[in-house]
Engineer: 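For reference, the structure I am asking about is given below.
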Amino acid sequence: GAAEIHLFLNSGYYELPLDELPPGKPIPVSVVSEAYKVIKSQGKLSIDSLMKLLARGAALNSEFPTVRKCNYESNKHVVMVVGDLHGNFSDLSYILDNVGFPGDLNSYIFNGDFVDRGTRGVDILIMLILMQLAFPDKVFLNRGNHEDIQLNRGYGFFKELLEYLSADETNVNKEYIYAFHYFFAS
């Protein structure tokens, strides 16, 4: 069988093994599950892992049509519609812990406003992108009005992002900010 792929700790930050995973193929559920445990316990991804994740997520989303169909296989299939997480990771965690990850019997439609107001919008985005990369036909991300640079400046995500990147407006690498907004626009 295939070798198991794990996150690893490097200088206090977790690295996603994205370079070991073929682009264009779903990532293993084990990576999503392991990342969820790390994030739930307040662990952080490295900036390099975060940027690679955003790029891979944007590439996947750019392949999708504007309107996508959510298919379900049986009357036992759950389609969970989630809206307005607004950076509240405990809400996402509650849903995942009680409904489970996407899979054969679970699909998720996330109706925007993933970030702003709450304190863990970056963590929510990481989990949503990872789940979509693992289950591209089971996770649907609809951008909301808070996935916009102007609102992010006024409602807290921009500040949260700077803190996550250990930067401020004077020394932040603008490529990091653009990576988030490129993902939002994809």
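All values derive from a computational prediction rather than experimental measurement. All values below were derived from every heavy atom in this structure, side-chain atoms included, with hydrogens, water molecules and symmetry-related copies excluded.
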Engineer: I'd like to know whether Val122 forms a side-chain contact (heavy atoms from CB on, under 4.5 Å) with Leu45, so could you lay out the CA-CA distance, the side-chain angles of the two residues, the decisive distance to 0.1 Å, and finally the verdict.
Structural biologist: CA-CA 10 Å; Val122 174; Leu45 294 185; over 6 Å; no
Engineer: Evaluate the ring planes of Phe110 and Tyr108, with Trp represented by its six-membered ring, and classify them as parallel (under 30°), tilted (30 to 60°) or perpendicular (over 60°).
Structural biologist: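 Answer is parallel, since the angle falls under 30°.
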Engineer: So does Ser93 get a backbone contact from the side chain of Lys40, meaning a donor-acceptor N/O pair under 3.5 Å?
Structural biologist: no
Engineer: Determine, step by step, whether Ile124 and Val115 satisfy the side-chain contact (heavy atoms from CB on, under 4.5 Å) criterion, reporting the C-alpha distance in whole Å, the side-chain angles of both residues, the deciding distance to 0.1 Å, and the verdict.
Structural biologist: CA-CA 8 Å; Ile124 286 174; Val115 301; 5.9 Å; no
Engineer: Grab the two heavy atoms, one from Ser46 and one from Glu15, that are nearest each other, plus how far apart they are.
Structural biologist: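 Scanning both residues completely, I find the closest heavy atoms to be OG-OE1, 2.8 Å.
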Engineer: Using a 6.0 Å cut-off, check whether atom CG of Asp104 has over 12 heavy atoms from anything other than its own residue.
Structural biologist: no
Engineer: Write down the atom of Leu96, the atom of Met131, and the distance for their closest heavy-atom approach.
Structural biologist: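 Leu96 and Met131 have their closest heavy atoms at CD2-SD, 3.7 Å.
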Engineer: With the side chain counted from C-beta on, respond yes when Phe89 and Thr119 share a heavy-atom pair under 4.5 Å apart, and no when they do not.
Structural biologist: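 The answer is no; the side chains never approach within 4.5 Å.
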Engineer: Could you report the tightest heavy-atom contact between Phe114 and Leu128, atom names first, then the distance?
Structural biologist: CD2-CD1, 3.5 Å
Engineer: Can you confirm whether more than 12 heavy atoms, excluding those of Tyr94, are under 6.0 Å from its OH atom?
Structural biologist: no
Engineer: State the CD1-CD1 distance between Ile126 and Ile39, to the nearest 0.5 angstrom.
Structural biologist: 4.5 Å
Engineer: Once you measure the plane-to-plane angle for Phe101 and Tyr36, does it fall in the parallel (<30°), tilted (30-60°) or perpendicular (>60°) bin?
Structural biologist: perpendicular
Engineer: To the closest 0.5 Å, what do you measure between CG (Leu50) and CD1 (Ile129)?
Structural biologist: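 Leu50 atom CG to Ile129 atom CD1 measures 7.5 Å (nearest 0.5 Å).
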Engineer: Would you check if the side chain of Asn111 reaches a backbone N or O of Val81 as a donor-acceptor pair within less than 3.5 Å?
Structural biologist: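 Absent.
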Engineer: Counting N and O atoms only, with roles assigned by atom type, does the side chain of Asp84 sit under 3.5 Å from a partner on the main chain of His86, one being a donor and the other an acceptor?
Structural biologist: no
Engineer: Drop me the distance from Arg68's CZ to Asp137's CG, to the nearest 0.5 angstrom.
Structural biologist: 6.5 Å
Engineer: Group every Ile, Leu, Val, Met, Phe, Trp and Tyr by side-chain heavy-atom contacts under 4.5 Å, then state whether Leu105 and Val139 land in the same group.
Structural biologist: no
Engineer: I need the minimum non-hydrogen distance between Arg56 and Ile27, along with the two atoms involved.
Structural biologist: NH1-CG2, 4.0 Å
Engineer: So, for Pro102 and Lys138, which heavy atoms are closest and what is the spacing to 0.1 Å?
Structural biologist: CB-CB, 4.0 Å
Engineer: List the atom of Leu85, the atom of Leu92, and the distance in Å for their closest heavy-atom pair.
Structural biologist: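 Residues Leu85 and Leu92, closest heavy atoms: CD2-N, 3.9 Å.
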Engineer: Look up atom CZ in Phe140 and atom CG in Asn61, then write down how far apart they are to the nearest 0.5 Å.
Structural biologist: 11.0 Å
Engineer: Once rounded to the nearest 0.5 Å, what's the spacing between atom CZ of Arg143 and atom CG of Asp113?
Structural biologist: 10.5 Å
Engineer: Donor-acceptor pair, Gln132 side chain versus Gly57 backbone, under 3.5 Å?
Structural biologist: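 Answer holds: no.
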Engineer: Report whether Val82 and Val99 are members of the same hydrophobic cluster (ILVMFWY, side-chain heavy atoms less than 4.5 Å apart, transitive linking).
Structural biologist: yes
Engineer: I need the Leu130 CG to Met127 CE distance, nearest 0.5 Å.
Structural biologist: 6.0 Å
